[in-house]
*Asks:* 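Just passing along the structure, written as structure tokens.
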Amino acid sequence: MTINALRGTYDICPPASYIWEYVEQEARRLFGQFGYGEIRTPIFEETRLFTRSIGENTDIVSKEMYTFADRKGRSITLRPEATAPVVRAFLQHKLYSVSPLNKFFYIGPMFRYERPQAGRNRQFYQLGTEILGSNHPYYDAESIALAHQFLCVIGINNPTVKINSVGDLESKKLFGKMIQTKLMPQQSLLCADCQTRLEKNPLRVLDCKNPSCKEYIKDLPRLTDNLSPASKEHFAQVLRFLDSMNIPYVIDNCLVRGLDYYTETIFEIVHSNLGSQDALGGGGRYNNLVEEMEGPSTGAVGFAFGIDRLVMVLEQLRPELATDRQQLDCYILNLEPSVFTEHVALVHKLRKTGIRADICTEEKSMKAQFRAANKLNARFVVIRGKEEIEKNIFSIKNMNEANEEKISYTDENTLFEILRERIIKL
RNA sequence: GUGGGUGUAGCUCAGUAGGUUAGAGCGUCUGGUUGUGGCCCAGAAGGUCGACGGUUCAAAUCCGUUCACUCACCCCA
């Protein structure tokens, strides 16, 4: 009985892993350029960190958390998202007193117990940012600009940025109540999902795709018309900054996010090359979360990409990323056991000077060894067989030009030097 | 949690009016005269046909159960 990876988890083997490396490498470079420092938090936390921050009756907390008791009976949860852990770290280390503004990025696995489907796994990977310490609308726009530029950098060129505002905590609550009172009389006419949404999370009714529900939704007041003057101005400024940076976006009055802590600006980036789960990433502002977690009043905004989904799109758009383009500089054949040890020293010496060298360990036929060299995409092959040893020479074959050079052998070191010279010359 | 689809070689898949030793392409390995790769040619290895049970003289094929994968709903990255 073989053991397989658990449902919703998977292995990333070469050459597919090259895409992941590429995405992460470009993220580190660009996010660093924008002034974000990497933060790494633990993969598991106390359960109440998430129940408190994300919200008791959100889907994530009510049915998707990997929660278990540790050996001392404490309730532990594998992180379903990174914002709460980052805020926890921010407070634990009192980073607000180290610097008024903190910009972080993170890369790592998250866990949600869901039925897997295209673009959704139980262990999935996010790469995201958090800016803590300001409620200036510029930072909402910067988050979106960074996300947008990152996609451009890695070659995902036509994403759609959807944006909306839910206003401050007060207007968010008031608007929810408004929807409830307007729709309650017709509750029984809505779809089953909307009936429960209306009670648990009324804003969600807005993005129901059910055609019959849409009839009722279109007559509802609009979120953006019911914002407080301050929230309205905040949102207008975010849009103004986006315009000034030429970041394209679509205002989507029905966009709602599933986590309780979002306030003001929320956004989502979708892409048509994905399946039904078409969001590459999303985020928004969360001005009350830090305070709710017993920290000082702190404006904050963040977003996250699903790396799994970025990779899915890149597999389609840039399949060349998943090929091993690296050439081997030098492959040393194994024809005479008497010189094998000398060759072990040679490979090591070459590698120490930064050359990509490798050695054949099996005493196979010359044809087989050349086939191996070819598969490894070797530029040079070192040949020391019976003939060379008798004549006291060694041969270097250039695989690209298919010509061979025979050089007289004096000692190990000159062999190394001559080989190195040939390799570096190219 | 709910619903649909699919399980045959390492990969992509053929293979039903149930009937001999279950196939192809790619990949892997070995050869194609004495020591040379890619192209070409030849050959080999590799499968308890997802698992279990049933019908039948006979099951990859029909029936039942189960597991896995997959897509979608809910929701999210």
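Below, read A as the first sequence line, B as the second, and so on, with proteins coming before strands; counting in each chain starts at 1.
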*Asks:* Please list, for nucleotides 2-6 of chain B, all pairs of protein and nucleotide N/O atoms separated by less than 3.5 Å.
*Replies:*
from  : atom 1 : to        : atom 2 : distance (Å)
U2(B) : O4     : Arg115(A) : NH1    : 3.0
G3(B) : O6     : Arg115(A) : NH2    : 3.3

*Asks:* Could you please name the option among A77(B), U36(B), C75(B) that lies closest to any side-chain atom of Ala279(A)?
*Replies:* A77(B)

*Asks:* I need the CZ-P distance between Phe105(A) and A77(B), as an integer number of Å.
*Replies:* 20 Å

*Asks:* Hydrogens and angles aside, do Thr67(A) and Thr77(A) bring a side-chain donor and acceptor to less than 3.5 Å of each other?
*Replies:*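 Judged by distance alone, the side chains do pair up.
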
*Asks:* Figure out the CG/P separation between Asn121(A) and C71(B), and round it to whole Å.
*Replies:*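 Distance, rounded to whole Å: 9 Å.
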
*Asks:* What is the distance, to the nearest angstrom, from the CG atom on Leu335(A) to the C1' atom on U34(B)?
*Replies:* 15 Å

*Asks:* Tell me which residues in residues 366-373 of chain A lie within less than 4.0 Å of RNA chain B, going by non-hydrogen atoms.
*Replies:*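 Listed by number, they are Met366(A), Lys367(A), Ala368(A), Phe370(A), Arg371(A).
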
*Asks:* Would you kindly give the CD1-to-P distance between Ile266(A) and C75(B), to the nearest whole Å?
*Replies:*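 Result: 14 Å.
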
*Asks:* Do Phe105(A) and Phe31(A) have ring centres separated by under 6.0 Å?
*Replies:* yes

*Asks:* Check for me whether the distance between the ring centres of Tyr66(A) and Tyr113(A) falls short of 6.0 Å.
*Replies:*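 That pair passes the under 6.0 Å test.
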
*Asks:* Tell me the interatomic distance from Arg122(A), atom CZ, to G1(B), atom C1', rounded to whole angstroms.
*Replies:*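 Atom CZ in Arg122(A) sits about 11 Å away from atom C1' in G1(B).
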
*Asks:* Counting only non-hydrogen atoms, which of residues 280-289 of chain A are less than 4.0 Å from RNA chain B?
*Replies:*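 Within residues 280-289 of chain A, the residues near RNA chain B are Leu280(A), Gly281(A), Gly282(A).
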
*Asks:* Phosphate oxygens OP1/OP2 of C73(B): is one of them under 4.0 Å from a side-chain N or O of Ser276(A)?
*Replies:*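 Looking at the OP1 and OP2 atoms of C73(B), one of them is under 4.0 Å from a side-chain N or O of Ser276(A).
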
*Asks:* Restricting both atoms to N or O, compile the protein contacts to nucleotides 49-51 of chain B shorter than 3.5 Å, with distance only.
*Replies:*
none

*Asks:* Anything under 30° is parallel, anything over 60° is perpendicular, the rest tilted; go ahead and classify Phe305(A) against Phe303(A).
*Replies:* perpendicular

*Asks:* Using the closest heavy atom to pick a nucleotide of RNA chain B for each, name whichever of Lys63(A) or Lys406(A) lands nearer the 5' end.
*Replies:*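 In this pair, the answer is Lys406(A).
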
*Asks:* Mind pulling the stems RNA chain B is in, i.e. runs of at least three Watson-Crick or G-U pairs, everything under 3.5 Å?
*Replies:*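 The stems that RNA chain B takes part in, listed by first number, are B:1-7 with B:67-73, B:10-13 with B:23-26, B:28-32 with B:40-44, B:50-54 with B:62-66.
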
*Asks:* Tell me whether the side-chain N/O atoms of Thr58(A) come closer than 4.0 Å to OP1 or OP2 in C75(B).
*Replies:* no

*Asks:* For C11(B) and G27(B), measure between their P atoms and round to the nearest Å.
*Replies:* 15 Å

*Asks:* To the nearest Å, how far apart are Asn374(A) CG and G27(B) P?
*Replies:* 13 Å

*Asks:* Taking atom types as they are modelled, would you say the side chain of Gln117(A) forms a donor-acceptor pair with the base of U70(B) within the 3.5 Å cutoff?
*Replies:* no

*Asks:* Reckon Asp59(A) touches a base, only the sugar-phosphate, or nothing at all at heavy-atom distances under 4.0 Å?
*Replies:* sugar-phosphate

*Asks:* Kindly confirm or rule out a cation-pi arrangement of Arg384(A) over Tyr409(A), judged by NZ or CZ under 6.0 Å from the six-membered ring centre and within 45° of its axis?
*Replies:*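 Yes.
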
*Asks:* Is there a side-chain polar atom (N or O) of Gln277(A) under 4.0 Å from OP1 or OP2 of C73(B)?
*Replies:*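 Yes, because at least one side-chain N or O of Gln277(A) sits under 4.0 Å from OP1 or OP2 of C73(B).
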
*Asks:* Do Gln316(A) and Asn273(A) have a side chain donor and acceptor closer than 3.5 Å?
*Replies:*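 Note: Gln316(A) and Asn273(A) side chains meet the donor-acceptor criterion.
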
*Asks:* Please tell me which of Glu268(A) and Ala378(A) maps to the more 5' nucleotide of RNA chain B, matching each residue to the nucleotide holding its nearest heavy atom.
*Replies:*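 Checking each residue's closest nucleotide, the 5'-ward one belongs to Ala378(A).
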
*Asks:* Run the side-chain donor-acceptor check on residues 147-163 of chain A: report pairs under 3.5 Å with partners two or more places apart or on a different chain.
*Replies:*
from      : atom 1 : to        : atom 2 : distance (Å)
Asn158(A) : OD1    : His271(A) : NE2    : 3.3

*Asks:* May I have the distance from Asp308(A) (atom CG) to A77(B) (atom P), rounded to whole angstrom?
*Replies:*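 For the pair Asp308(A) CG and A77(B) P, the rounded distance is 13 Å.
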
*Asks:* Going through the checks in order, is the side-chain contact (heavy atoms from CB on, under 4.5 Å) test met by Asp140(A) and His234(A)?
*Replies:* CA-CA 10 Å; Asp140(A) 309 40; His234(A) 183 94; 3.0 Å; yes

*Asks:* How about Arg79(A) and Pro109(A): do any of their side-chain heavy atoms sit closer than 4.5 Å?
*Replies:* yes

*Asks:* Any idea how Phe241(A) and His136(A) line up, ring-wise: parallel (<30°), tilted (30 to 60°), or perpendicular (>60°)?
*Replies:* parallel

*Asks:* Between atom CD in Glu388(A) and atom P in U36(B), what is the gap in whole Å?
*Replies:* 12 Å

